[in-house]
Enquirer: 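I'd like to ask some things about the structure below.
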Amino acid sequence: MKKRLFSICLAMALSLGLLPGAAGAESGTVPSYDLTAVEAQSQSIFSRWATALTLNRSVLTLHVGDTSLLSLASGGDGSAVTWTSSNAIVASVNSTGQVTARSAGTAIITASVGGKTAACPVIVSKLYTNDSYPSGGSGSTQLNWTIIEQHLLNGTLGNTVTANLYLITQLPGSVLTTLSTREVNLVLALSDNLSWTIRGSDLTAGASFPSLDMGVKFGTDTIPAQLMATVTGARSAVQITLAHSGSYGFPLTLSIPMGAQYGNCWANVYAYDQTAGALVFEQAVRIAADGSVALPVTHGGQYAIAIDDRDHTLSFADVPEGAWYEDGAAYVYRRGLMEGTSDTAFSPDLTTSRAMIATTLWRLAGSPKVSAQTSFSDVAQGSWYSDAVAWASTQGIINGYDNGTFGANDPITREQLAVMLWRRAGSPAPSAGLESYPDGASVSSWAADAMAWAVDFGFIQGDSAGAIRPQGQASRAEVAVILMRFAVQTQL
């Protein structure tokens, strides 16, 4: 954290003229700075950042020639905003807040309105393209890594060196060894506006590193669709494939433009374990307001990113790793089908009610709007489950009791649950009976086809004694697992 503070302090101090040095220098020896002096200046620098206004970006990292639009995120009074740059040679800004990166260095863009101000540091680096430093003459597709290593060696704390890997994605191990001795950042720009960031401080100083293929394919479709169906977010899902297949040996960051329409959503990252045939949740990262996301990465392979309004991190203390219902609880929570009974509890052993199941199936269908009201005498209009019960009733998924009630709070039995799922699937004919189960004959006649179908497809399974317990109450853990199996197999 202190290293990052030094980096920001140095960038701001250079831009504001608080320390000697040429902020716009692109080559040659970079002056060294007294970091103690930088730290001493930090408080006065930060005091210039007013908190009354906030901008849509806290910091801009650009290449020479790039543009980016700043705007007020909060605190404005409707008056016109005045934009200024502390160093227009490095980064200029026009009257609409559009910042243009003009030369390598740092600048501070300030927005002023109604006596209030807000500031955004801008760090500009030169993009070393394949044409800028060719090793094999004009038109070469190879970077001259020797020159880039020299820039890394010349860099001071917080400097960024950017290399273009549009064509050749191989990163020599010698570059990483050089980077490991410096407190600077290496950005590897790829096609489709993707980029890697490697911090020298994250590498073992002086270590030897193998060459790495830093290629990234965005929008692939190599993960089985059935697996993708288990993690697809409410907003969207995308696959990426990293060319490197194992551990990188150090942490790095992959920046991806997800799209402005997903600003402030969550990017939930799942790694594809081909051996286990499973998607393993790794992390949830908030997408920035502009639609970009910076994902910490430690290993290559294939990933699924579920874009959702919710963080998929499972924080239930009563869902231990390896529990038989862990996958089911994770599925229904991440799909928004079931919530926890608190922020830290799923309560797997609690029974579920008929109203809860109707609501869960309604959510699984996308929470469709309903115009008809339910005729059940015990379902009050406007209750948390009334829309779900009305929808399920019109779809023929549920029936009430003979006395005209629905029994919203009645615990649901396993055979009642089977009937609801069977009707939701279109009441298909079962292909086998229940004779092989010791309690198969105890299934109610009205539920026989549904139970036979449910056990045939594996939605409902026997217990350790082989019993299917048709009149047994369905716990939250059982419902979660059954719903996961049903949803994944039927794609409903």
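Heavy-atom basis, side chains included; hydrogens, waters and symmetry copies ignored.
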Enquirer: Of all the heavy-atom pairs spanning Trp422 and Pro428, show the shortest one and how long it is.
Expert: NE1-O, 2.7 Å
Enquirer: Would you find a donor on one side and an acceptor on the other, under 3.5 Å apart, between the side chain of Asp378 and the backbone of Gly407?
Expert: yes
Enquirer: What do the steps show when you test Tyr262 against Val293 for side chain to side chain contact (heavy atoms under 4.5 Å, CB included), and what is the final call?
Expert: CA-CA 10 Å; Tyr262 302 126; Val293 66; over 6 Å; no
Enquirer: May I ask you to test the Leu72-Thr54 pair for a side-chain heavy-atom distance under 4.5 Å?
Expert: no
Enquirer: Tell me, with the steps shown, if Tyr325 and Phe346 meet ring-ring contact (aromatic ring centres under 6.0 Å, His included).
Expert: CA-CA 11 Å; Tyr325 55 86; Phe346 184 72; 7.1 Å; no
Enquirer: With a 4.5 Å heavy-atom cut-off, do Val113 and Thr82 have their side chains touching?
Expert: no
Enquirer: Could you tell me whether Glu339 and Arg476 make a salt bridge, using a distance below 4.0 angstrom between a side-chain N and a carboxylate O?
Expert: no
Enquirer: Glu282 and His312: side-chain donor and acceptor closer than 3.5 Å?
Expert: no
Enquirer: Judged by atom type as modelled, is there a donor-acceptor pair below 3.5 Å linking the side chain of Asp439 to the main-chain atoms of Ser442?
Expert: no
Enquirer: Within the distance-only criterion (no hydrogens, no angle test), does the side chain of Arg354 pair as donor or acceptor with the backbone N or O of Phe406 below 3.5 angstrom?
Expert: yes
Enquirer: Compute the centroid of each ring, for Tyr248 and then for Trp196, and state whether the two points are separated by less than 6.0 Å.
Expert: yes
Enquirer: Would you say Gln226 has more than 12 foreign heavy atoms packed within less than 6.0 Å of its CD?
Expert: no
Enquirer: Is it true that the NZ or CZ of Arg334 lies under 6.0 Å from the centre of Phe281's six-membered ring and within 45 degrees of the ring axis?
Expert: yes
Enquirer: For Thr67, is there any backbone N or O sitting under 3.5 Å from a side-chain donor or acceptor partner on Thr100?
Expert: no
Enquirer: In the structure I gave you, are the side-chain heavy atoms of Leu188 and Leu186 within less than 4.5 Å of one another anywhere?
Expert: yes
Enquirer: May I ask you to decide whether Arg469 forms a salt bridge with Glu478, counting only side-chain N to carboxylate O separations under 4.0 Å?
Expert: yes
Enquirer: Looking at every non-hydrogen atom in both residues, tell me the closest pair between Ala380 and Ser386 and how far apart they are.
Expert: O-CB, 3.5 Å
Enquirer: Can you tell me how far the CE atom of Met356 sits from the CG atom of Leu337, to the nearest 0.5 Å?
Expert: 14.5 Å
Enquirer: OG of Ser255 to CG of Leu295: how many Å apart, nearest 0.5 Å?
Expert: 8.0 Å
Enquirer: Is there a side-chain contact between Leu62 and Ser68 in this structure, where contact means two heavy atoms from C-beta onward sitting under 4.5 Å apart?
Expert: yes
Enquirer: Given side chain to side chain contact (heavy atoms under 4.5 Å, CB included), test Trp83 with Thr96 step by step and report yes or no.
Expert: CA-CA 8 Å; Trp83 298 92; Thr96 65; over 6 Å; no
Enquirer: Answer yes or no: is there a donor N or O on one side and an acceptor on the other, between the side chain of Gln98 and the main chain of Val93, under 3.5 Å?
Expert: no
Enquirer: Locate the shortest heavy-atom distance separating Glu415 from Ser444; write the atom from each residue and the value.
Expert: OE2-OG, 2.8 Å
Enquirer: Name the one of Leu417, Val332, Leu350, Thr351 that satisfies side-chain contact (heavy atoms from CB on, under 4.5 Å) with Val479?
Expert: Leu417
Enquirer: Between Thr359 and Ala355 (side chain of the first, backbone of the second, donor and acceptor by atom type, cut-off under 3.5 Å), is there such a pair?
Expert: yes
Enquirer: Looking only at atom types and distance, does a side-chain atom of Arg485 sit under 3.5 Å from a main-chain N or O of Phe459, one as donor and one as acceptor?
Expert: yes
Enquirer: Can a side-chain donor-acceptor contact be found between Thr241 and Thr220 if the only test is distance below 3.5 angstrom?
Expert: yes
Enquirer: Compute whether any side-chain donor of one residue and acceptor of the other, for Gln302 and Thr222, lie under 3.5 angstrom apart.
Expert: yes
Enquirer: Counting only N and O atoms by type, is there a donor-acceptor contact under 3.5 Å from the side chain of Asp318 to the main-chain atoms of Ala345?
Expert: no
Enquirer: Less than 4.5 Å apart, any side-chain heavy atom of Leu70 and any of Arg57?
Expert: yes
Enquirer: Counting heavy atoms not belonging to Asn193, are there more than 12 under 6.0 Å from its CG?
Expert: no
Enquirer: Show the numbers, then the answer: is there a side chain to side chain contact (heavy atoms under 4.5 Å, CB included) between Met338 and Tyr333?
Expert: CA-CA 5 Å; Met338 295 174 67; Tyr333 172 72; over 6 Å; no
Enquirer: How long is the span from the CG atom in Leu55 to the SG atom in Cys120, to the nearest 0.5 Å?
Expert: 6.0 Å
Enquirer: Check whether Gln489 reaches the backbone of Phe486 with its side chain - one donor and one acceptor, N or O, closer than 3.5 Å.
Expert: no
Enquirer: Kindly compute the distance separating OG (Ser236) from CD1 (Ile305), expressed to the nearest 0.5 Å.
Expert: 10.0 Å
Enquirer: Report the C-alpha separation of Thr394 and Val370 in whole Å, then their side-chain angles, then the decisive distance to 0.1 Å, and conclude whether the side chain to side chain contact (heavy atoms under 4.5 Å, CB included) test is met.
Expert: CA-CA 9 Å; Thr394 59; Val370 294; 5.5 Å; no
Enquirer: Show the nearest heavy-atom pair for residues Val122 and Ile109, with the distance to one decimal.
Expert: CG2-CG1, 3.5 Å
Enquirer: Compute whether any side-chain donor of one residue and acceptor of the other, for Thr169 and Asp213, lie under 3.5 angstrom apart.
Expert: yes
Enquirer: With a 6.0 Å cut-off on the ring centroids, do Tyr385 and Trp362 count as close?
Expert: no
Enquirer: Could you give the distance from OG (Ser427) to CG (Leu421), rounded to the nearest 0.5 Å?
Expert: 11.5 Å
Enquirer: For the pair Arg199 (side chain) and Leu252 (backbone), establish whether a donor and an acceptor sit closer than 3.5 Å, ignoring hydrogens and angles.
Expert: no
Enquirer: Output the distance between atom CE (Met258) and atom CD1 (Ile287), rounded to the nearest 0.5 Å.
Expert: 5.0 Å
Enquirer: Would you say Trp324 and Val481 make side-chain contact, with heavy atoms under 4.5 Å?
Expert: yes
Enquirer: Given side chains that start at C-beta, do those of Thr230 and Tyr270 come closer than 4.5 Å, heavy atoms only?
Expert: no
Enquirer: Considering non-hydrogen atoms only, spot the tightest contact between Val124 and Ala91 and give its length.
Expert: CG2-CB, 4.5 Å
Enquirer: How about CG on Asp463, more than 12 heavy atoms from neighbouring residues, nucleotides or ligands closer than 6.0 Å, or not?
Expert: yes
Enquirer: List the atom of Ala358, the atom of Val389, and the distance in Å for their closest heavy-atom pair.
Expert: CB-CG2, 4.2 Å
Enquirer: Any side-chain heavy atom of Phe376 sitting closer than 4.5 Å to one from Thr405?
Expert: no
Enquirer: Between the side chains of Arg235 and Asp309, is the shortest nitrogen-to-carboxylate-oxygen separation below 4.0 Å, so that they form an ion pair?
Expert: yes
Enquirer: Distance only, no hydrogens: is a donor on one side chain within 3.5 Å (strictly under) of an acceptor on the other, for Asp456 and Ser431?
Expert: yes
